[in-house]
There are 2 protein chains.
Amino acid sequence: MKTFNIGELSEKSGVASHAIRFYERENLMPEPARTQSNYRRYPEDAIARLQFIIHAKQWGFTLDEIRELLMLQDANGDRAEAKRIAREQLEKIRHQIQSLSRIEAVLSKTLEECSGEGPMDGCPIVEAIAQER
Amino acid sequence: MKTFNIGELSEKSGVASHAIRFYERENLMPEPARTQSNYRRYPEDAIARLQFIIHAKQWGFTLDEIRELLMLQDANGDRAEAKRIAREQLEKIRHQIQSLSRIEAVLSKTLEECSGEGPMDGCPIVEAIAQER
DNA sequence: CATAACCTTAAAGTTCACTTTAAGGTTATG
DNA sequence: CATAACCTTAAAGTGAACTTTAAGGTTATG
């Protein structure tokens, strides 16, 4: 099986070498084997693990949550736990969508109302922001 | 007209005293008058200004953007500028809603697929995150 | 008139997720 | 065999938006 230096792993995974070391310190990546000269040597599946991290980040998981998921995987832990983490994440995302949608509605309505001409005094945008609600 | 110490303003506006001083350093709040003993003395409209900042933050504006809006107001500047800032903000919010909605769809589908029972090995949630897409 | 509850400043700490810098040691290339 | 291109560590820096701490000075209360 092939093994990689940190630079090669960085290229293959799209994660900067320093970020990989950072993930190691943060217990997201396991400590890899070392060469005689103390260089990190990674097995091939390190690529998949980094890509898991990247995707989980895109899904809005924090590094703390990702660490939890990875620890469950490493321990071949309980699926119910993973489901709980994912469900909490879904809840968070739905909340975000809701509050952003409310803002979107008010902001787009306000923008329609504002001619974009004249001085700030009485500008509907400013007044909408100043509004209590 | 009434004037306030920073603590009273903090209470009335719901913004911590230290945050108010921070906003002053960041040019979001004007330098207020001082008493003989160098205490800040705020006029009543400082409350409205802080509430404007709070609401604009809730709308997702950064402090940089809020500073811009406040400067436009202070200068009684051009409404077209304010509209541009608000339009950019609307664009950002729409983008966020779109990507969150995509994530919501995949995540909720994945959660339905996962029984929540058994070991992690083969868990659809983990596999969905690991997936390239 | 002591002391609690305010106020002042400057500077450092917080969180997140890294990136950058400094000061080296190692390996590959011409 | 010089030198470029890697690798190592520890520590500091980044940015956003504050919060906390330190070390005081001032004002209100019993």
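Chain identifiers are assigned alphabetically (A, B, ...) following the order of the sequence lines, protein sequences preceding nucleic acid strands; residue numbering begins at 1 within each chain.
- One finds the OG atom of B/S108 at 11.0 Å from the CD atom of A/E91 (value rounded to the nearest 0.5 Å).
- Using a 4.0 Å cutoff on non-hydrogen atoms, no part of residues 91-102 of chain B comes near DNA chain C.
- Taking 4.5 Å as the limit, some side-chain heavy atom of A/R21 sits within range of a side-chain heavy atom of A/R40.
- Smallest separation of non-hydrogen atoms from A/M29 and A/A46: CE-O, 3.8 Å.
- For the segment residues 6-18 of chain A, residues with any heavy atom less than 4.0 angstrom from an atom of DNA chain C are, sorted by number, A/A16, A/H18.
- Ion pairing between a basic and an acidic side chain is recognised when a charged N comes within 4.0 Å of a carboxylate O; B/E68 and B/R84 show such pairing.
- To the nearest angstrom, C1' of D/dG15 lies 13 Å from CZ of B/R67.
- Remark: P of D/dA17 and CG of B/L50 are 16 Å apart, rounded to the nearest angstrom.
- At the heavy-atom level, A/R21 lies under 4.0 Å from base atoms of the strands shown.
- Atom CD of A/E113 has more than 12 heavy atoms from other residues, nucleotides or ligands within 6.0 Å.
- Exactly one residue among A/R87, A/K57, A/K92 makes a salt bridge (Lys or Arg N to Asp or Glu O under 4.0 Å) with A/E65. That residue is A/K92.
- Remark: P of D/dA10 and CD of A/E24 are 11 Å apart, rounded to the nearest angstrom.
- When all heavy atoms of A/P30 and A/R49 are compared, the pair lying nearest together is CD-NE, 3.6 Å.
- Rounding to the nearest 0.5 Å places CG of A/L69 at 11.5 Å from CG of A/D64.
- Where pairing requires Watson-Crick or G-U contacts shorter than 3.5 Å, the helical stems of DNA chain D with at least three consecutive pairs are C:1-30 with D:1-30.
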Which pairs would a plain distance check flag for residues 117-129 of chain A, meaning a side-chain donor or acceptor within less than 3.5 Å of a matching protein atom at least two apart in sequence or in another chain?
none

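- As judged by a 4.0 angstrom heavy-atom cut-off over every strand, B/R41 is placed among residues making no nucleic acid contact.
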For nucleotides 27-30 of chain C, print each protein N/O atom paired with a nucleotide N/O atom at under 3.5 Å, atom names and distance only.
{"unit_1": "C/dT27", "atom_1": "OP1", "unit_2": "A/S37", "atom_2": "OG", "d": "2.7"}

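- Interatomic distance, A/L90 CG to B/I103 CD1, rounded to the nearest 0.5 Å: 11.0 Å.
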Pairs under 3.5 angstrom, nitrogen or oxygen only, protein versus nucleotides 16-18 of chain C, please.
{"unit_1": "C/dA17", "atom_1": "OP2", "unit_2": "A/L63", "atom_2": "N", "d": "3.3"}
{"unit_1": "C/dC18", "atom_1": "OP1", "unit_2": "A/K57", "atom_2": "NZ", "d": "3.3"}
{"unit_1": "C/dC18", "atom_1": "OP2", "unit_2": "A/Y23", "atom_2": "OH", "d": "2.6"}
{"unit_1": "C/dC18", "atom_1": "OP2", "unit_2": "A/K57", "atom_2": "NZ", "d": "3.1"}
{"unit_1": "C/dC18", "atom_1": "O5'", "unit_2": "A/Y23", "atom_2": "OH", "d": "3.3"}

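- There is no side-chain donor-acceptor pair under 3.5 Å between A/R41 and A/T35.
- If you take NZ on A/K2 and CD1 on A/I47, they are separated by 8.5 Å, rounding to the nearest 0.5 Å.
- Between B/C114 and A/R79, some side-chain heavy-atom pair lies under the 4.5 Å cut-off.
- Using a 4.0 Å cut-off between charged nitrogen and carboxylate oxygen, B/K12 and B/E8 do not count as a salt-bridge pair.
- Under the 4.5 Å side-chain criterion, counting only non-hydrogen atoms from C-beta, A/S115 is not in contact with B/K83.
- Residues B/I20 and B/Y42 meet the side-chain proximity criterion, which asks for heavy atoms closer than 4.5 Å.
- Atom CD1 in B/I54 sits about 9 Å away from atom P in D/dC18, given to the nearest Å.
- Per the geometry, CZ belonging to B/R40 stands 10 Å off P belonging to C/dC7, to the nearest Å.
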